[in-house]
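Okay, so here's the structure we're looking at.
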2 protein chains.
Amino acid sequence: MDQVTSAQHWMAQQMGLIIPHLSVDCVVFGFHENQLRVLLLRFKNTEVWALPGGRVYREEPVNTAAVRVLEQRTGLRGLYLQQFHTFGDPDRLHSSDFQAILAQQNIRIEASSLLFDRTISVGYYALVEFAQVSPAPDQLSDECRWWDIRDLPKLFFDHNEIVAVAVRTLRQRLSYEPVGLNLLPEKFTMPELQRLYETLLGQPLDRRNFQKRMLAYDFLQRLDERRTGGAFKAPYLYRFDRERYAAVLQGGGLAFG
Amino acid sequence: MDQVTSAQHWMAQQMGLIIPHLSVDCVVFGFHENQLRVLLLRFKNTEVWALPGGRVYREEPVNTAAVRVLEQRTGLRGLYLQQFHTFGDPDRLHSSDFQAILAQQNIRIEASSLLFDRTISVGYYALVEFAQVSPAPDQLSDECRWWDIRDLPKLFFDHNEIVAVAVRTLRQRLSYEPVGLNLLPEKFTMPELQRLYETLLGQPLDRRNFQKRMLAYDFLQRLDERRTGGAFKAPYLYRFDRERYAAVLQGGGLAFG
DNA sequence: TTTTCAATGTGTATTTTAAACACAATGATA
DNA sequence: TATCATTGTGTTTAAAATACACATTGAAAA
């Protein structure tokens, strides 16, 4: 089976299995070297970058589709994943862009006419531990890697807007939920946590007040261990105590920011 | 054309015009007699109540579909309307419920097989001025009226959950945006505003502190008029100054709650 | 070995914000 | 005209956020 027929066959098979006009797109956030990053895919034989996304199977919950896409792209299960917005404008797909890509995939336009149709996309964002992820391209892409959020290229279709909305949502949530902790490894230092918050909020924070407030929430557990090896004084390691966090939520309010 | 053929014809025509497997559902909030209310429809010849909703046309933005549905149901344009969540579980539609309804509509099951298919619904909530709304049933319903949020019947499919998520979202937003003002008439008194907040937050608030804080936000304009006619001392009328609100947002933060 | 130094760990004073609280004024009703 | 439930306003107190300073650490340099 040559490449063209193979691609056609794959796509034709997909058509019957999926819900038409619907897709999921995932904004995968990671934190590395004090910068917020997102995972992007580069389409085969092109310089076009896009969010990891995919179709929803006929009998599959939309959330599950997002989980599936993410597992394929990151190798991770059980990610922190949140639906944040659905993008439903008819002009969000520009078929000229799309045709260029499909041509490179050696896929016949007629065979994929349904893919040209208008698509409504449910947007999810995931928070992952950077070091745990093994970026893996899919059938349609050559490359999968992290991009600094401040330096994204022009993305496929409206994916720049999707990222922007995801970032805005993440910042808002940060004000009343410790979402940021999902971006750090299990053990982390207070300065690391602070730098994450500073990056997300886009402003410097007072070291002493930050620590005071974080500890006041009473869901961080200080370990006896310290982060050794780094230059200068070794900071303590902390762990996010999810059980205690649940207890704090039960017992009333919680306010970050 | 008898009723059966007419309904079949209408539905067949709809099939070609709409995007399959996709719908919008609207939670229309109103405030009356110190209670939060939602607009519900009762299906023809049944006691089944449901949210106003509808299909999305092939070339229509999803947001526009929601606006269109709302205009038909409330007679209002330019409503405060927010997308809040997309409901995409395959088992959210129970075809047994659905069949009972369709039978009452005298619609042949075969003719509407696509309608039985799994449907992903984009949820919107609208905030409207109660007195301005003229509830109007659609082709499939006999009745359209307000229901107290605390006393809803068992609704169609997963509409109870949709309402619950909408209420939760509304309460959260109230903490950092004066959404509540969209539920009041143009001119309102401070006690009226306070009762709205108390209802939405589900707790009593101190009258003097409430007024102090609201006025501190600096987007309420006190008029010389007073609400006369009521028993006892006549309270001042206020107006929400949207221009000043925009200015306040520009100039930095804003925190309700 | 000792010194250096950039970063961490901790505490207190100050300001700002939210919460608690009390009395005078009003205007329809009795 | 007396009543009274409600409105209008200010002050006092507590809590939370902010500003700020010095001792400690541990690798690296001298």
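We name chains A, B, ... by the order of the sequence lines, and we start the count at 1 in each one.
Relative to the side chain of B:Arg226, the nucleotides D:dT7, C:dG27, C:dA19 differ in distance, and C:dG27 lies closest. With distances taken from any side-chain atom of A:Gln211 to the nucleotides C:dG9, D:dA5, D:dG26, the minimum falls on C:dG9. Proximity note for A:Ala234 (side chain, C-beta onward) versus D:dG8, D:dG26, C:dC21: the nearest is D:dG26. Closest contact between the side chain of B:Lys212 and the listed nucleotides D:dT11, C:dG27, D:dC20 involves D:dT11.
Side-chain contact between B:Glu198 and B:Pro204: present, with at least one pair of heavy atoms (C-beta onward) separated by less than 4.5 Å. By the 4.5 Å heavy-atom criterion applied to side chains, B:Leu36 and B:Phe29 are counted as neighbours.
An OP1 or OP2 oxygen of C:dT10 is reached within less than 4.0 angstrom by a side-chain nitrogen or oxygen of A:Arg222.
With A:Ile120 as the partner, the side-chain contact (heavy atoms from CB on, under 4.5 Å) test is satisfied by one option alone out of B:Ile120, B:Thr86, B:Val56, B:Leu22: B:Leu22. Residue B:Pro52 forms a side-chain contact (heavy atoms from CB on, under 4.5 Å) with just one option from B:Val28, B:Val38, B:Asp138, B:Val24, and that option is B:Val28.
Not a single donor-acceptor contact under 3.5 angstrom links the side-chain atoms of A:Arg207 to the base of C:dA7. With hydrogens and angles left out, the side chain of A:Arg208 and the base of D:dA21 share a donor-acceptor pair within 3.5 Å.
Distance, B:Lys233 NZ to C:dA28 P: 13 Å, rounded to whole Å. Spacing between atom CZ of B:Arg227 and atom C1' of D:dT7 amounts to 14 Å, rounded to whole angstrom units. The nearest whole Å value for the distance from the CG atom in A:Asn209 to the C1' atom in D:dA15 is 15 Å. Put simply, CZ on B:Phe232 is 9 Å from C1' on D:dT3, counting in whole angstrom units. In this structure, A:Met214 places its CE atom 16 Å from P of C:dT8, rounding to the nearest Å. A:Phe210 places its CZ atom 15 Å from the P atom of C:dT10, with the value rounded to the nearest Å. In this structure, B:Leu205 places its CG atom 14 Å from C1' of C:dA20, rounding to the nearest Å. Straight-line distance from the CE atom of B:Met190 to the P atom of C:dA25: 21 Å, rounded to whole Å.
A:Thr189 comes within 4.0 angstrom of nothing in the nucleic acid, heavy atoms only.
No salt bridge links A:Arg92 with A:Glu161; every basic N to acidic carboxylate O contact stays at or beyond 4.0 Å.
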